[in-house]
Every structure is written in structure tokens, then in C-alpha cells.
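Below is one structure, written out as C-alpha cells, with a few remarks after it.
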Number of protein chains: 2
Amino acid sequence: MSMIETADAEGGLSLHQRILSDISEKILSGAWAPGHRIPFEHELSAQYNCSRMTVNKALSQLAKAGLIERRRRSGSFVRQPQSQAAVLEIHDIRVEVEALGLLYRYERVARHKRRSDAEDRALLELGAAGPVLALECRHFAGKRPFAHEQRLINLTAVPEASDEEFLAIAPSPWLIGRVPWSEAEHRIRAVGADKQVAAALDIAAGAPCLVVERRTWSAEHPVTYVRFTYPADSHTLVARFRPSQG
Amino acid sequence: MSMIETADAEGGLSLHQRILSDISEKILSGAWAPGHRIPFEHELSAQYNCSRMTVNKALSQLAKAGLIERRRRSGSFVRQPQSQAAVLEIHDIRVEVEALGLLYRYERVARHKRRSDAEDRALLELGAAGPVLALECRHFAGKRPFAHEQRLINLTAVPEASDEEFLAIAPSPWLIGRVPWSEAEHRIRAVGADKQVAAALDIAAGAPCLVVERRTWSAEHPVTYVRFTYPADSHTLVARFRPSQG
DNA sequence: GTGGCGATTATGTATATACATATTGAAACG
DNA sequence: CGTTTCAATATGTATATACATAATCGCCAC
């Protein structure tokens with residue numbers, strides 16, 4: 001068994017990557033239907049003339065990617081069509097605007113430091129009362145308002161934010177890098193613009209808008225809640241599904 | 001070195017999982033800032049009193065999850081705050097409605113088989129002309145319209161669909177399981193309802209709606225294009241970010 | 001100095017081996 | 001006939017080892 005060799009012909013892929021992609025191809029093409037039992041590790045290791053560890057590495061990754069299910073003593077099986085999960089990339093607004101070839105401009109409309117009220121605590125999912133920073137901002141693409149931002153920052157989690165005016169820098173880039181975050185939840189929906197947002201975005205009240213709300217946690221503590229409102233024509237979120245990779 | 005032992009105290013985690021979670025905790029808590037060099041594999045293997053392979057398994061997974069970056073000869077480093085990517089779960093409409101505790105009902109409004117016109121080809125990203133099936137459907141939650149569905153099915157890719165009326169079963173569940181798909185793209189935006197959709201959803205024309213468009217490919221061939229329109233108050237998409245797992 | 005070259009080093013991949021663990025199927029038993 | 005037990009089996013985890021590969025550091029010549 002002389003498998004200590006580099007890249008086995010096939011385009012620079014390592015062996016376990018090749019096994020992985022061979023199998024996922026079979027599954028995604030439909031050649032192996034859901035429920036189909038894929039060859040045992042020892043069969044594949046014989047087929048590819050390699051050790052079981054190498055096959056195991058490939059199959060473990062397929063299992064983690066959700067394409068197969070592994071059962072001790074029984075073998076590995078192609079999973080039923082998975083619940084559709086897509087990867088949503090959420091970019092910085094500056095990057096989005098500049099990707100459109102437009103000039104980005106940021107404006108801080110309002111900034112209030114206060115003790116959290118009931119609504120703040122609900123939005124931040126905060127247990128006890130404490131200081132929060134409430135911000136209202138506008139993001140422009142060229143001359144037109146591109147997005148409206150309403151934000152709460154939990155000053156208990158991010159005390160440094162007390163001293164920041166957010167005139168020169170937007171809250172998102174300020175927070176990123178400064179506060180490590182362990183979890184985030186996004187809620188996406190359509191709404192009719194209320195009066196305040198309509199005025200800020202220079203659109204009619206009731207005009208359709210895309211709202212993206214994000215809540216962020218760091219080590220169990222709520223960090224920030226933010227609500228971005230985009231006029232209907234300014235913004236599309238794109239999510240891609242890709243079932244696996246080497 | 002007597003590491004052939006089960007679960008090292010710490011709650012049933014395997015050793016490489018424990019190493020992985022220890023390190024990701026350090027990163028996510030901010031103890032190790034972006035750019036920080038994490039200990040070399042041989043240092044960690046000494047620290048955990050285990051082999052380098054075990055450490056390697058943990059670090060490889062962290063690298064694939066995007067938390068660290070590995071450089072030969074230099075070591076492994078905590079990555080800069082990653083581009084925000086979240087996992088968007090897109091459920092079957094029936095499941096969504098039933099999760100709300102409401103009765104689900106499906107209705108096929110229209111069905112046309114035709115040769116693809118220019119618009120069809122644009123929506124399906126189809127190169128050449130060919131037969132397509134155009135469908136219009138409504139999904140109800142209780143008595144109220146919950147979503148409107150406009151769909152194109154590429155009959156070249158799914159010839160069996162020619163014989164299906166889609167009266168008893170909605171296109172999504174029919175397609176899932178029958179057609180394996182390798183890639184999907186979702187576009188999410190807000191729109192004002194046009195006349196046709198407003199009538200179908202029993203809302204005012206121009207009322208804000210969430211639109212989810214999905215294009216699906218199977219083995220390089222376009223399979224289907226679908227556009228779901230939800231009245232603003234009926235639907236919220238939720239996306240979660242979780243940086244890593246064992 | 002500086003340009004190149006080789007030694008060093010950390011990661012990347014693969015192997016053979018060992019033992020753990022869960023589960024199944026069949027044999028043994030009441 | 002049902003139940004309990006046990007051996008067989010496939011995956012899960014870990015080890016020690018080997019060699020490949022890429023990048024960097026320092027040395028040496030020019």
C-alpha cells in the first residue's frame with residue numbers, strides 16, 4: 001500500500017477530499033437516493049486502496065454537513081431531503097453601497113443615553129435595568145437615503161460606547177472588532193414605513209420597506225439590538241444554499 | 001500516555017471536541033483577540049497530554065468554521081471578525097402555518113404549459129427555449145391567504161411534471177424528494193403588492209409584502225423558479241448565526 | 001548591503017493500530 | 001414462546017509514526 005503519494009492525479013485534491021466529493025456527487029445527482037446505504041468504511045477503503053481513517057475523515061465531514069447519517073453497526077445512509085437551510089451573507093452597508101458604485105455617506109441623527117425602559121429591555125432581551133445607548137442613524141447612497149438605523153447598545157456589556165459620539169463612524173463598524181460576539185439572530189420582514197422612518201428615508205408613509213432586525217450576544221450577555229429599514233427598491237438580501245464542500 | 005480513556009470528566013465531550021470548545025470560547029469571549037497566535041499544535045498536545053493528531057482535528061475544524069486561520073511555518077491565528085454570515089432556515093409553508101396552530105389549505109389557481117418565452121428564460125436563467133410549466137397557487141392559514149406562489153418549472157429538467165395537475169399537492173413538496181437539487185439561490189425583498197397579487201391575497205394594491213424568490217439547480221440544469229409573496233404581517237424570516245460547534 | 005540557498009519549523013495528509021461504544025442478530029435459557 | 005445474553009460488526013476516538021509542503025530565518029557569497 002503506497003499511499004504516501006501526493007495528489008492522486010485528479011486535480012490536486014487530497015484523497016479524503018476526493019472521496020468526499022465523489023460521494024456527495026452521487027447523492028446530489030440523485031444516483032444515491034435518500035435512505036440508500038452507502039458502502040461501509042472498509043469497503044470504501046478497499047475501493048480507494050487507502051486506510052479506514054481516510055475514509056472516516058470524508059464520511060465524518062459528510063455527516064457534519066448533513067448529507068448522510070451514520071448509524072453504528074448499521075452503516076451510513078443518505079439523509080432525507082434536508083430542511084432547506086441557506087447561508088445569508090450580511091454585509092456592511094458601506095460595502096453594499098460602494099458595491100453599487102455609489103458614494104456612501106453616514107449621518108447620526110440622534111443619540112440618547114438612558115436607563116433602559118421596558119421596551120428597551122424587551123428588544124435587548126435584557127433581564128435587569130441598566131444603562132443603554134439609543135442611536136438613530138441614516139445611511140446614504142449618493143444623494144438618496146439608503147437605509148435607516150435604529151439601535152440600542154447595552155452599556156453594561158459595552159461601557160466604552162458611552163464615550164463615543166458616533167458622528168464619524170457608524171455603530172456597526174465601531175462594534176465589530178471591538179466586541180467579540182458569539183451569537184446573532186436576524187429577523188427579516190416587510191413593513192409599511194411609519195411616519196418617522198418615512199421622513200428619514202424621504203418616502204411616503206406606508207410605503208413598503210424591508211426590515212432587518214439583529215440581536216447580538218457576547219458570552220451570554222446581550223450586546224446590541226439594531227433595526228435597519230430599507231426602502232423596497234433599495235435592497236435585496238441574497239442567500240445561497242450549497243450542500244457541502246471539501 | 002494513557003489517553004485511551006473515555007470521556008475525560010468534562011461532560012461526555014471527546015477530547016478533540018473539548019479542545020475545540022476551549023479554544024473557541026477563548027476567541028468568542030475576546031480573551032484571544034483577532035490576530036492572536038494560538039499555541040502551536042505541539043504545545044497544545046503537551047498541554048492536553050494528547051497526540052498532535054487530536055489537536056490537529058480540533059484546529060482543522062476551527063479553521064473550516066472560519067474562526068482561525070492556519071499558516072504553515074507560522075502557526076494558527078485568530079481571524080479578523082468574519083463577514084457576517086447567518087444560516088437561514090426556509091421551511092415548507094405547510095409546516096410554518098401548522099406551527100402557528102392554524103389550519104393549512106392549499107389552492108391551485110392556474111396552470112399553463114407553454115414554450116418558454118423571453119421572461120421565462122430570464123427567470124430560470126435558461127439558455128435555450130423549451131417547455132415550461134407555469135403555476136399560480138395560494139396558501140391559506142385558517143381562512144386568510146397566507147402566501148401567493150408564482151412558479152415556473154423547467155420541463156426539460158423535470159418532464160414528469162407535465163402529467164401533474166398540482167391540485168392535491170403543492171409544487172414544493174412535489175418537487176422535493178423527486179428532484180435532487182444541488183444549489184439554490186434565494187432573493188428576499190420588500191415590494192408593494194401589484195393588482196394580481198393584492199387580489200389573490202385579499203389585501204390593498206401597494207400594501208407592503210415580503211417576497212422570497214428561489215431558483216434551484218440540479219446538476220447544472222435549472223429546475224424551477226418560484227416567487228412567494230407574503231403579506232407584511234404574515235411572515236418573518238429568522239436567520240441565526242452560530243460560529244462553531246463540535 | 002543584498003540576493004540566493006539551504007536548514008528549520010509548523011502545518012497537511014496518510015498510515016497502521018488499538019480500544020470504546022452502540023446496535024443488531026442469533027443462540028441459549030426459562 | 002418470549003426474554004436474556006452474548007458475540008459480531010460498524011462506527012467513533014485516539015495513538016504513534018511517516019513523509020510532504022510551504023514559509024521563514026539565517027548564513028554565506030558577492
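Throughout, a chain's letter reflects where its sequence line sits, starting with A, and its residues are numbered from 1.
Taking the centre and axis of the six-membered ring of A:Phe77, the NZ or CZ atom of A:Arg71 falls inside the cone set by 45° and 6.0 Å. Both tests do not hold together for A:Arg108 against A:Phe166: distance to the six-membered ring centre under 6.0 Å, angle to the ring axis within 45°.
Put simply, the side chain of A:Tyr104 does not reach to within 4.5 Å of the side chain of A:Glu96, judged on heavy atoms. Counting heavy atoms from C-beta on, the side chains of B:Leu88 and A:Leu237 never come closer than 4.5 Å. Looking at B:Ser172 and B:Arg214, their side chains come closer than 4.5 Å, going by heavy atoms from C-beta outward.
Although no hydrogens or angles enter the test, the distance criterion places no donor-acceptor pair under 3.5 Å between the side chain of A:Arg52 and the main chain of A:Ser45. Checked by atom type and distance alone, the side chain of A:Ser182 pairs as donor or acceptor with a backbone atom of A:Trp217 at under 3.5 Å. For the pair A:Arg79 (side chain) and A:Gly66 (backbone), a donor-acceptor distance under 3.5 Å is present. At least one donor-acceptor pair under 3.5 Å links the side chain of B:Arg215 to the backbone N or O of B:Leu123.
For the pair B:Asn49 CG and D:dT15 C1', the computed distance is 12 Å after rounding to whole Å. Atom P of nucleotide C:dA16 and atom CG of A:Leu15 are separated by 12 Å, given to the nearest angstrom. To the nearest angstrom, C1' of D:dA14 lies 15 Å from CG of B:Leu13. To the nearest angstrom, P of C:dT15 lies 13 Å from OH of A:Tyr48. Between the CD atom of B:Gln61 and the P atom of C:dT11 there is a distance of 16 Å, rounded to whole Å.
Mapping A:Lys57 and A:Arg71 onto DNA chain C by nearest heavy atom places A:Lys57 at the nucleotide closer to the 5' end. For the pair A:Arg52 and B:Arg52, nearest-nucleotide mapping onto DNA chain D gives the more 5' position to A:Arg52.
Side-chain proximity of A:Arg73 to C:dG25, D:dT24, C:dA14: nearest is C:dG25. Taking the side chain of A:Asn56 as heavy atoms from C-beta on, and the options C:dA14, D:dT13, C:dG12, the nearest nucleotide is D:dT13. Among the nucleotides C:dT13, C:dA16, D:dT13, the one closest to the side chain of B:His16 is D:dT13.
Separation of atoms CH2 (B:Trp174) and CG (B:Leu135) is listed at 10.0 Å; rounding is to 0.5 Å.
In this structure, B:Arg70 reaches the C:dG12 phosphate: one of its side-chain N or O atoms is under 4.0 Å from OP1 or OP2. For A:Ser76 and D:dA10, the shortest distance from a side-chain N or O to OP1 or OP2 is not below 4.0 Å. For D:dT15, the OP1/OP2 oxygens have a side-chain nitrogen or oxygen of B:Thr54 closer than 4.0 Å.
Among the protein residues, A:Ser60 comes within range of no part of the nucleic acid, since none of its heavy atoms lies under 4.0 Å from any strand.
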What's touching nucleotides 26-28 of chain C from the protein side, N or O pairs under 3.5 Å?
none

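If you check residues 37-46 of chain A against DNA chain D, the residues with a heavy atom closer than 4.0 Å are A:Phe40, A:Glu41, A:His42, listed by number.
Under 3.5 Å, the side chain of A:Arg72 and the base of C:dT23 form no donor-acceptor pair of N or O atoms.
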